[in-house]
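For reference, the structure discussed in these notes is given below.
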Number of protein chains: 2
Amino acid sequence: MKELLPHFNSTFSIDCILFGFDEGELKILLIERNEEPFKDWWALPGNLVSENESLDQSASRILHELTGLDNVYMEQFYTFGDVGRHPQGRIISVAYYAMLRLGGDRVLKPVSSYAKQAYWINVNELPKLAFDHQKIFDQGLEKIKRRIKHQPIAFELLPEKFTLTQLQNVYEVILGKKLDKRNFRKKMLSFNVLKDLNEKQKGVSFRAATLYRFDKRKYGKLFGKEISF
Amino acid sequence: MKELLPHFNSTFSIDCILFGFDEGELKILLIERNEEPFKDWWALPGNLVSENESLDQSASRILHELTGLDNVYMEQFYTFGDVGRHPQGRIISVAYYAMLRLGGDRVLKPVSSYAKQAYWINVNELPKLAFDHQKIFDQGLEKIKRRIKHQPIAFELLPEKFTLTQLQNVYEVILGKKLDKRNFRKKMLSFNVLKDLNEKQKGVSFRAATLYRFDKRKYGKLFGKEISF
DNA sequence: ATATACAGTGTAAATATTACACTAAGTAAT
DNA sequence: ATTACTTAGTGTAATATTTACACTGTATAT
């Protein structure tokens with residue numbers, strides 16, 4: 001029965017949008033391609049799916065090869081399959097995103113053979129991208145804008161200990177608008193998912209703010225509840 | 001350059017969840033397969049993607065072959081790619097859903113060669129499904145539960161002219177809970193997307209209700225606004 | 001005439017959201 | 001020590017939204 005269908009031969013790929021928050025800016029990881037097609041172009045990290053791995057496994061592998069990270073939650077958000085999207089044949093691409101902690105212990109950037117280099121680039125200053133990667137990015141950004149309103153994914157971009165102002169900055173940079181400080185704090189604390197660490201920020205040249213941690217035990221209470229900013 | 005990659009050979013497919021609302025129940029269209037694998041099993045309608053069509057085009061084609069319908073809005077919601085999901089090889093499946101009008105002029109059910117028959121089946125009484133189609137269905141249902149809270153997709157399940165009670169029934173059956181009649185009406189009318197047709201229901205053996213139509217011109221106002229039930 | 005079945009309607013209480021500005025605390029420079 | 005600077009941290013009143021709740025009206029069928 002197995003031979004009724006042609007042998008597996010990689011007609012689908014994964015592309016990843018890795019979001020990071022650094023210096024008050026939302027950034028994504030881009031690679032400079034070292035192979036045809038689109039040699040020397042900027043692109044989202046991605047690769048062909050291997051025969052013996054699921055889509056999720058493939059996404060994790062690609063992330064690991066690129067950053068050395070494991071156990072990062074990645075979420076599939078759309079599959080791109082227009083006829084002309086890949087110049088070398090019919091390849092559809094399943095797109096994932098992940099939110100990474102850049103602050104503190106900075107993510108490493110081991111570079112796979114197919115990339116010359118990888119850089120974190122501000123989402124407002126993206127270069128021209130290979131393939132249909134601009135379209136993939138646009139949709140990914142829309143996705144997290146919607147998702148951040150309903151689920152506590154903002155924490156994933158911050159170091160384990162963070163201040164309320166940092167958290168507010170994440171919301172502001174993703175939503176693209178300023179939020180009221182008092183209202184933001186009131187609402188965020190009302191969700192009861194932040195643990196006050198009774199500890200202050202260090203190394204700042206002004207009044208240090210209180211550090212908080214996202215409290216996973218209380219996450220369930222929030223899940224399903226509507227958050228809105 | 002084109003020859004660097006193997007020739008196209010259908011390693012991906014589309015599966016569709018077609019939702020319909022009939023006799024107060026939420027139903028989906030299932031086919032009884034007439035081909036191996038899973039011959040004689042119930043399955044979601046689906047097919048391999050052709051070389052010269054995009055995923056969206058493929059989804060529309062499959063819907064057309066099955067129902068004769070065109071111009072139905074279908075939305076991609078997830079791609080399933082576990083290694084063992086298809087017994088004949090590595091085939092990933094891009095899943096779509098659509099909401100169809102069954103009431104009034106009933107959707108026809110022309111049957112493609114690969115199916116013996118197609119039936120509308122209550123989502124609470126589904127038989128065992130082929131492949132990973134139960135998983136696909138579960139995720140599709142979750143998707144529309146979330147979506148119906150934020151976008152006016154409920155109208156798509158009803159005939160062009162409908163009563164507020166019918167509309168409320170759609171919400172109740174998808175969300176799986178009863179809603180308060182007065183609050184539902186107040187809120188739904190406040191969105192300003194319903195046009196009062198100054199016309200009454202016909203053929204009922206009790207007081208006839210007012211008919212409404214979804215007003216596409218006002219749709220934009222609602223879009224992006226948060227609805228919640 | 002009467003019974004039936006659903007249509008249609010309003011209000012008050014509780015909750016959530018918004019708008020808005022000053023004082024407190026730590027650091028750095030003199 | 002004083003001062004200037006920078007960010008932390010806090011409350012209230014007005015408005016809008018959500019919820020809970022039950023009866024009357026009207027067309028049909030007998």
Side-chain angles (χ1 to χ4, degrees), chain A residues 21 23-25 103 148-150 152 158-159 161-173 175 177-213 221-222 224-229, chain B residues 21 23-25 103 148-150 152 158-159 161-173 175 177-213 221-222 224-229:
Chain A
F21 181 74
E23 297 164 350
E25 295 175 341
I148 201 178
K149 291 188 183 177
H150 301 298
L158 290 172
K161 300 174 179 185
F162 53 83
T163 69
L164 286 176
T165 299
Q166 290 169 341
L167 186 59
Q168 183 175 342
N169 285 342
V170 172
Y171 275 88
E172 288 179 339
V173 86
L175 295 176
K177 65 179 181 193
K178 287 281 172 205
L179 301 172
D180 180 87
K181 181 158 74 164
R182 275 178 293 190
N183 292 340
F184 178 85
R185 284 162 183 244
K186 201 191 319 176
K187 184 163 220 167
M188 190 54 76
L189 291 172
S190 79
F191 294 143
N192 253 298
V193 292
L194 297 186
K195 182 171 173 54
D196 183 334
L197 295 172
N198 293 315
E199 199 178 329
K200 297 284 175 186
Q201 230 177 351
K202 292 235 170 62
V204 286
S205 66
F206 43 80
R207 180 181 175 184
T210 299
L211 291 170
Y212 290 84
R213 174 189 297 167
K221 293 188 188 168
L222 183 55
K225 196 171 159 185
E226 296 285 304
I227 316 175
S228 67
F229 287 100
Chain B
F21 182 74
E23 297 162 349
E25 295 174 338
I148 200 178
K149 291 189 184 176
H150 301 297
L158 290 172
K161 300 174 179 184
F162 53 84
T163 69
L164 286 175
T165 299
Q166 291 168 341
L167 186 59
Q168 185 176 341
N169 285 341
V170 172
Y171 276 87
E172 289 179 339
V173 86
L175 296 176
K177 66 179 182 193
K178 286 281 171 204
L179 301 172
D180 179 87
K181 181 157 74 162
R182 275 178 294 192
N183 292 340
F184 179 85
R185 284 163 183 243
K186 202 191 320 179
K187 183 165 222 166
M188 189 54 75
L189 291 172
S190 79
F191 293 144
N192 253 296
V193 291
L194 296 186
K195 183 172 173 54
D196 184 334
L197 295 172
N198 293 314
E199 200 178 331
K200 296 283 173 183
Q201 226 177 356
K202 291 236 170 62
V204 286
S205 67
F206 42 78
R207 179 180 175 185
T210 300
L211 291 169
Y212 290 84
R213 174 189 298 166
K221 293 188 187 167
L222 183 55
K225 196 172 162 185
E226 297 286 301
I227 317 175
S228 66
F229 286 98

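Note that the structure is a prediction, hence the values are computed from the model and not measured.
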Checklist entry - Where each residue is assigned the nucleotide of DNA chain D containing its nearest heavy atom, which of A:Ala208 and A:Asp180 is assigned the position nearer the 5′ end? => result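 Looking at DNA chain D, the more 5' nearest nucleotide goes with A:Ala208.
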
Take the protein atom [atom1] of [X] and the nucleotide atom [atom2] of [N], then report the distance between them rounded to whole Å.
| X | N | atom1 | atom2 | value |
| --- | --- | --- | --- | --- |
| B:Leu211 | C:dA7 | CG | P | 11 Å |
| A:Met188 | C:dA16 | CE | P | 16 Å |
| B:Phe184 | C:dG10 | CZ | P | 18 Å |
| A:Phe206 | D:dT3 | CZ | P | 24 Å |
| A:Phe162 | D:dA8 | CZ | P | 14 Å |
| A:Arg185 | D:dT7 | CZ | C1' | 10 Å |
| A:Leu194 | D:dG9 | CG | P | 13 Å |
| A:Lys149 | C:dT17 | NZ | P | 13 Å |

Checklist entry - Listed by chain and number, what are the side-chain contact (heavy atoms from CB on, under 4.5 Å) partners of B:Glu172, not counting sequence neighbours? => result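 If we apply the side-chain contact (heavy atoms from CB on, under 4.5 Å) test to B:Glu172, skipping adjacent residues, the hits are B:Gln168, B:Asn169, B:Lys178, B:Leu179.
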
Checklist entry - After noting the C-alpha distance and the side-chain angles of B:Phe162 and B:Leu194, does the key distance pass the side chain to side chain contact (heavy atoms under 4.5 Å, CB included) rule? => result CA-CA 10 Å; B:Phe162 53 84; B:Leu194 296 186; 3.8 Å; yes

Taking all heavy atoms of [X] and all of [Y], pick out the closest pair and write down the distance.
| X | Y | value |
| --- | --- | --- |
| A:Ala209 | A:Thr163 | CB-CG2, 3.7 Å |
| B:Leu175 | B:Lys149 | CD2-CE, 3.8 Å |
| B:Phe184 | B:Leu164 | CE2-O, 3.8 Å |

Checklist entry - How long is the gap from NZ on B:Lys187 to CG on B:Asp180, to the nearest 0.5 Å? => result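 Between atom NZ of B:Lys187 and atom CG of B:Asp180 there are 11.5 Å.
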
Checklist entry - What residue pairs, at least two apart or across chains, pass side-chain hydrogen bond (donor to acceptor under 3.5 Å, both in side chains) with a residue in residues 200-212 of chain A? => result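 Matches after skipping sequence neighbours: A:Lys200-A:Thr210.
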
Item to check | Nearest to side-chain heavy atoms of A:Arg182, which nucleotide of D:dA22, C:dA7, D:dT10 | outcome: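 In terms of side-chain proximity for A:Arg182, the closest of D:dA22, C:dA7, D:dT10 is D:dT10.
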
Could you list all N or O pairs between the protein and nucleotides 12-14 of chain D that sit under 3.5 Å apart?
residue: D:dT12; atom: O4; partner: A:Lys186; partner atom: NZ; Å: 3.1

Checklist entry - Taking DNA chain D as the partner, which of residues 196-205 of chain B come within under 4.0 angstrom of it by heavy atom? => result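 DNA chain D contact set from residues 196-205 of chain B: B:Val204, B:Ser205.
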
Can you name the atoms? Protein N/O to nucleotides 22-24 of chain C N/O, anything below 3.5 Å, with the distance.
residue: C:dA24; atom: N3; partner: A:Arg207; partner atom: NH1; Å: 2.9

Item to check | Presence of A:Thr210 side-chain N/O under 4.0 Å of D:dA8 phosphate oxygens OP1/OP2 | outcome: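 Checking D:dA8 against A:Thr210, no side-chain N or O comes under 4.0 Å of OP1 or OP2.
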
Checklist entry - So does A:Lys187 get a side-chain nitrogen or oxygen closer than 4.0 Å to the phosphate oxygens (OP1/OP2) of C:dT17? => result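 Answer yes for this pair, as a side-chain N or O of A:Lys187 is under 4.0 Å from OP1 or OP2.
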
Checklist entry - What residues form a salt bridge (charged side-chain N to carboxylate O under 4.0 Å, His left out) with A:Arg213, not counting sequence neighbours? => result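 Salt bridge (charged side-chain N to carboxylate O under 4.0 Å, His left out) list for A:Arg213, sorted by chain: A:Glu160.
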
